[in-house]
Amino acid sequence: MVLAHFLGGTVCFGRKMQAGFHNCSPAPSTLSPAGGYRAATARQRPGSSRESMGTARTAGSSRAPPQGAPEDGGGGDSPPWAGARRPRSAGSPGRALSDPPNLSNLEEFPPVGSVPPGPAGTKPSRRINPTPVSEERSLSKPKTCFTSPPISCVPSSQPSALDTSPWGLGLPPGCRSLQEERAMLRKERSKQLQQSPTPTCPTPESGLLLPSRTGSLTVEPADPARVSSRQRLEVVALVYSSCIAENLVPNLFLELFFVLQLLTARRMVAAKDNDLEPSQGTLDSLESPLFQSIHDCVFFAVQVLEHQFQILSYLDKGTLKLLAENERLLCFSPALQGRLRAAYEGSIAKVSLTMPPSAQAVSFQPETDNRANFSSDRAFHTFKKQRDVFYEVLREWEDHHEEPGWDFEKGLGSRIRAMMSQLSAACSHSHFVRLFQKQLLQMYQSPGGAGGPVLGEASDVLNMLGADKLGRLRRLQERLAAPPSSGGPCPPPTFPGYQGFFKDFILSASSFQFNQHLMDSLSLKIQELNGLPLPQHEPADEDGESDVDWQGERRQFAMVLLSLRLLAKFLGFVAFLPYRGPEPPQSRELQDSIVALRSQVPPVLDVRTLLQRGLQAQRAVLTVPWLVEFLSFADYIVPLLDYYRSIFTLLLHLYRSLVLSREGEGEMCFLNKLLLLAVLGWLFQIPTVPEDFFFLEECQVDALEVDTATSERGLDSVPVVDQQLLYTCCPYIGELRKLLASWVSGSSGRSGGFVRKITPTTTTSLGAQLPPSGHGLQAQLAQAFFHNQPPSLRRTVEFVAERIGSNCVKHIKATLVADLVHQAESLIQEQRMTQSQEVGDPAQLLEILCSQLCPHGAQALTQGREFCQRKSPGAVRALLPEETPAAVLSSAENIAVGLATEKACAWLSANITALIRREVKAAVSRILRGQGPEPAARGERRGCSRACEHHAPLPSHLISEIKDVLSLAVGPRDPDEGVSPEHLEQLLGQLHQMLQCRQFLCPPAEQYLAKCSVELASLLVADQIPILGPCASHRLERGEARRLLLMLLSLWKDDFQGPVPLQLLLSPRNVGLLADTRPREWDLLLFLLRELVEKGLMDRMEIETCLGSLHEALWPEDFSEELETLTRLFLAELHLPEPQQRACELVQPSRGTVLAQS
Amino acid sequence: MILTKAQYDEIAQCLVSVPPTRQSLRKLKQRFPSQSQATLLSIFSQEYQKHIKRTHSKHHTSEAIESYYQRYLNGVVKNGAAPVLLELANEVEYAPSLMARIILERFLQEHDETPPSKSVINSMLRDPSQIPDGVLANQVYQCIVNDCCYGPLVDCIKHAIGHEHEVLLRDLLLEKNLSFLDEDQLRAKGYDKTPDFILQVPVAVEGHIIHWIESKASFGDECSHHAYLHDQFWSYWNRFGPGLVIYWYGFIQELDCNRERGILLAACFPTDIITLCHSTA
């Protein structure tokens, strides 16, 4: 490459940087093999143009490999995933490369982005070269410290507890292990050198100047007058800028980052470090370094920035402000500063800070989640449990994942696997995967939402009003304490925040079935979203399509894009998981055999076709960003496979073709281009993508252009991307701002961390699906109708049709089907009446009912049509602008009616019979199980008068009161315990009130009350209730007893609605209570029996039977005799005109007779 | 009614080894006159249940059963009218109703060829008249009416209390004009987990949004609350979002720690309910 020759050959700082970056690693154990490997391979091709190009090297080295970077959102202790590279630990330099990788070894395969604990237990810092600066020489011959803080002065002068490098990565205070790390690095390097057959360059002579950005160094003022070789720098800057402009650099933003580093370098420091990459070879080609002073650096940087003004002007407002305020820039180019300030003032590109997403559960939807969707009861209940376990695990993760020492696998692994093992049926897997995927999407779609669309934005306000602000405070604290860092301008793919949970869940579950179902589901959803007919915005509408619509469309696009990226990331992760290895195959033969093997495996999703279609339809802006996410998880072999190689080639062509300066008809919008350049540039830096790919690939941009030129205006030419979306997708662009901010703050500090996240969007569904197309000319006409109408009209009509159609089905269920079910119920009841409770075989019954009722289902279509006809026009009218022309409105209404009817009738004609059957079946089994009719129907029985204020005592209170009386009666009791007759009377009165009101009464309570009241009667009859009061005998007066019995009789007759077990009155146990009393008094029993008959509560025959069976029990002889007498008396009374008198003659006439009349 | 953990512990301390009788309850009420009777009874009942759970197994060894049965037989031979079974239960610190069940089961085993089915036993406990032996019937009955923590009568009372509070809550919701779906309606729709009420439009209580309300006619102690969280409340959250639990007989204050997470506790129907305002503009 031209530039590289130029720079690399000219100056050695590139080499220095390479050395610095490449060979650095914060902790020996985290030393990146990617970096190491690259360095080594690069050295093998000293002639390679990239080799010495400073910026490219910066890029190559500053991006971290998929491991060893400390910024994995999921925390540092997640379980291993097989895709991680093997750290080339200095402790095991001799490791045979042919060793089979032990995938379960946590040390060998640490999780992506996580940092395994170093041997010395030190906190890993980062891979930037921490070059110590020797203090005594800091002024005269400072050392290289281009992008990292000076190490030796860290303890004294670093105010912040954490590292303040522009990379935003944490360096532990003190860096006590740095010397140790350096030693390790040396070892590592010597190992690499041994591996590298090509002789490397000798060490540069000391005293060579290098720019330094270190915060603790005093800033050397830059002076335009002191630039050493102005002309040469101008030429280099021009060539360099042209390379950037023509997309000849692999990563646009890395170059910008480099340029800003130059701009903000604090001073030049002398390079003398034995560790530095020798670079004599390249030095030979030109006599002097390009940058000889800080003035050169700044001059060059400003020159390049001038050329790149257009890109700068599209950065976010914050970055523009920092650039415009940069005094060096002002000093070197007041003109540029002026343009930047103007751009800043005109910019509306504020990247907003929003709340982090909060966990919200996926709501239960009967349509997809109820029993009807499962093959068996067991599957249904298993899934019920799994849903709960899933959230339990999620909650636990929320609570603990940030705690040091907490380990996902240890904490949750076994529980997750136990749960997965229950998912035996394929159907359960798909249910669980649906939950999993929905939850994943939801975490990023409904921030702060209250689970439903209902409260939405109000919730934040309510939260603020709420008393408990602790949670908010905590969240704020967390944010301040740990701002999400994007990990340099080229971070590895990570799983920040909740994504970490889902990633670790997949790993811990380690279930083949689950992964397969997940891939199926993700693929489907990706295709669905990717194919979504996103409305094309007409930018130049005369009346200016209202801003609201426009905002809505952008928002919709952003949501679809972000969802796609999330899904694709996980698809890539799962799909390539089995193939990810620590490093590329070492030998050509091995590689060939793997490639041969893999070539015949079909891709998990035909992304090539999707990409081609996307390019053709000019929807690259939607397709490419998610494809990049998918490919970022590819393993080393993937780019070598023909299928994927062609994709990479296509992407490279696309990248080259996206020349930002080219504008005009049919061109992609600037920010759309910028987004694609950013994500593609990032992809090209992923270690698994071969590094020579970008430079070796033949580039045929023409072919691509031919493809796309033919199609009509697509999404690409619609300004769907804004800065918010750009920065959300590519948080690493924010590193530019951090870099500039660190310059301002005087120390390359943690620049606050910009919390960015998906713009809050509506939680409604992701746009309407295309309705099933109608037939023939009418359908064409309808399509044509929409063609010249604003897209919102189409969306409205489709939406209305979709909703009305669906509502129609619900309405039919609630009316027609419900009526039929009622008919079925009454048919069953009738049958019960006629056939004396006997209902035949339920299956047979169901058949009979269905044959009678299902024909009525035909009405559903008529009713459905009517419903759609009635409802759709109003809805369309309400949703369209008031000013819609009448003709347009009525056409829209008609189309909506047609589409809704089509949808509803299609469903009804296919399903109505099955639906009726199902509902009738449920009704039949409900009735046969004795549950009675629906709760609504049951309500009739309940119910006191409207005026009732439900002040009657509660049933539970009465049961326990009566229970107390019963327990007193049966004992044991203290001598002073007892009840007063008044209390008993009051109790029965309350019982009466309560049974009148019934508001709080439930059937079991009534049943028990009935039973207890009968027992109470038996105790009264047997005179077993201990009475408090003046009566010394503690026995109830006859008259009182009769009064109470009459109250009970009235309760039984008038108040109880359920059956009262009156036959218990004559059970051996209750009659036996009489046996214990001396003298036995039978009058109350006889009185009771008589009343029962009189009030029609029991008939004589029934009593006779009961009395008859009493004789069978074993009784004392005298008791049997008396019982015999009672029976005779009772039976005799049946035929006598004045039974009362006769009955009372039986025992103690003196006491009973008089009172009985009262 | 909302007790601190310390207050609760003080009450629980007094309940160790207290038999579940009327007399015990009366004493408890005298000891803590400021607490409501229902709360005390609920705490008593729960503490006693914990005690029974802990000791349940030792009463069900065959040796234990045999020894209880022999003691019962000896006792009733001496005097069938004496509270033999009740006193036995109190002596070995076991619930009278459960003791009655043990003896009844043992008795039926002896008299029938086949071991009695659970439903037969339950039916006899509900209605001791069905017990073939008159003396045993009386003994069992005595145990059941004297047990205030276990037995079919107590179960019925508990069920009734639960139902009454659900009705109460329903009326309050109606009164406040909050539309809801109740358990029966939810079940009919095929929901797999059903809180007492799902609000059709969520409301905010003390600044927290709630989607559902569960009524618990008991005191919320640690043990029961954790069980409810695991079996019910989190399940509701998992399906319907945050919600409110009303422990009508109070709860331990410290348990109300999941407010941010979406489980709100209350001891009565909330007074400050904020509903979604429909803009009239």
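- When atom types are taken as modelled, the side chain of Gln1024(A) and the backbone of Ala969(A) share no donor-acceptor pair closer than 3.5 angstrom.
- Between chain B and the residues Pro1004(A), Cys1012(A), Gly1072(A), the most heavy-atom pairs under 4.5 angstrom are made by Pro1004(A).
- If you measure heavy-atom distances from Phe390(A) to chain B, you find no contacts under 4.5 Å at all.
- For Glu254(B), the CD atom sits in a packed shell: over 12 heavy atoms of surrounding residues, nucleotides or ligands are nearer than 6.0 Å.
- Using a cut-off of 4.0 Å between Lys/Arg side-chain N and Asp/Glu carboxylate O, Glu166(B) and Arg170(B) are scored as not salt-bridged.
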Handout entry: Ile198(B) vs Tyr236(B), side-chain contact (heavy atoms from CB on, under 4.5 Å): CA-CA, chis, key distance, verdict
Key = CA-CA 10 Å; Ile198(B) 287 187; Tyr236(B) 302 154; over 6 Å; no
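- Interface residues of residues 78-86 of chain B toward chain A, defined by a heavy-atom distance below 4.5 Å and sorted by number: Pro83(B), Leu86(B).
- Ranked by heavy-atom pairs under 4.5 Å with chain B, the first of Asn1070(A), Asp974(A), Asp399(A) is Asp399(A).
- Annotation: side chain of Trp234(B) is in contact with side chain of Ile263(B) (closest heavy-atom distance under 4.5 Å).
- Judged by the 6.0 Å distance and 45° axis criteria, Arg261(B) is not positioned over the aromatic ring of Trp237(B).
- By the 6.0 Å and 45° rule, Arg1069(A) stacks over the aromatic ring of Tyr141(B).
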Taking only distance into account, with no hydrogens and no angle test, what donor-acceptor pairs under 3.5 Å do side-chain atoms of residues 149-159 of chain B form with protein atoms, sequence neighbours excluded?
none

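- Looking at Gln1007(A), there are no atoms closer than 4.5 Å to chain B (heavy atoms on both sides), in backbone or side chain.
- Between Phe197(B) and Phe180(B), the ring planes lie perpendicular to each other; the angle is over 60°, past the 30° to 60° tilted range.
- The parts of Arg126(B) that come within reach of chain A are both its backbone and its side chain, each placing non-hydrogen atoms under 4.5 angstrom from that chain.
- Every pair tested for salt bridge (charged side-chain N to carboxylate O under 4.0 Å, His left out) that includes a residue from residues 950-962 of chain A fails, sequence neighbours excluded, so the list is empty.
- Of the possible polar contacts, none joining the Glu183(B) side chain to the Asp196(B) backbone as a donor-acceptor pair under 3.5 Å is found.
- Highest contact tally toward chain B, considering only Cys1002(A), Pro1068(A), Pro1061(A), is held by Cys1002(A) [criterion: heavy-atom pairs under 4.5 Å].
- In summary, Asp182(B) and Arg187(B) do not engage in a salt bridge, as defined by a charged side-chain N under 4.0 Å from a carboxylate O.
- For the options Arg395(A), His381(A), Lys385(A), Glu392(A), heavy-atom pairs under 4.5 Å to chain B are most numerous at Arg395(A).
- Of the possible polar contacts, none joining the Ser215(B) side chain to the Ile246(B) backbone as a donor-acceptor pair under 3.5 Å is found.
- We find that Glu1006(A) and Arg998(A) are joined by a salt bridge, their nearest charged nitrogen and carboxylate oxygen being less than 4.0 Å apart.
- When each of Ser235(B), Gly262(B), Pro128(B) is scored by its heavy-atom pairs under 4.5 Å with chain A, the top score falls to Ser235(B).
- With a 4.5 Å cut-off on non-hydrogen atoms, Asp147(B) touches chain A through its backbone but not through its side chain.
- Across every non-hydrogen atom of Val135(B) and Asp133(B), the tightest pair is N-OD1, 2.9 Å.
- Contacts of Ile959(A) with chain B are made by both backbone and side-chain atoms, with heavy-atom separations under 4.5 Å.
- Interface with chain A: from residues 21-28 of chain B, residues Arg22(B), Gln23(B), Arg26(B) qualify, criterion being any non-hydrogen pair under 4.5 Å.
- Annotation: Trp212(B) is not in aromatic contact with Phe240(B) [ring centroid separation under 6.0 Å not met].
- Proximity to chain A is absent for every atom of Ile131(B), based on heavy atoms less than 4.5 angstrom apart.
- Ranking Asp964(A), Leu968(A), Leu435(A), Leu958(A) against chain B, the residue ahead of the rest is Leu968(A), based on heavy-atom pairs under 4.5 Å.
- In this structure, the side chain of Ser42(B) engages the main chain of Phe219(B) through a donor-acceptor pair within 3.5 Å.
- Only the side chain of Ser1067(A) has a heavy atom closer than 4.5 Å to any heavy atom of chain B.
- When heavy atoms are compared at a cutoff of 4.5 Å, His165(B) does not approach chain A at all.
- For the options Val145(B), Asn238(B), Ile161(B), heavy-atom pairs under 4.5 Å to chain A are most numerous at Asn238(B).
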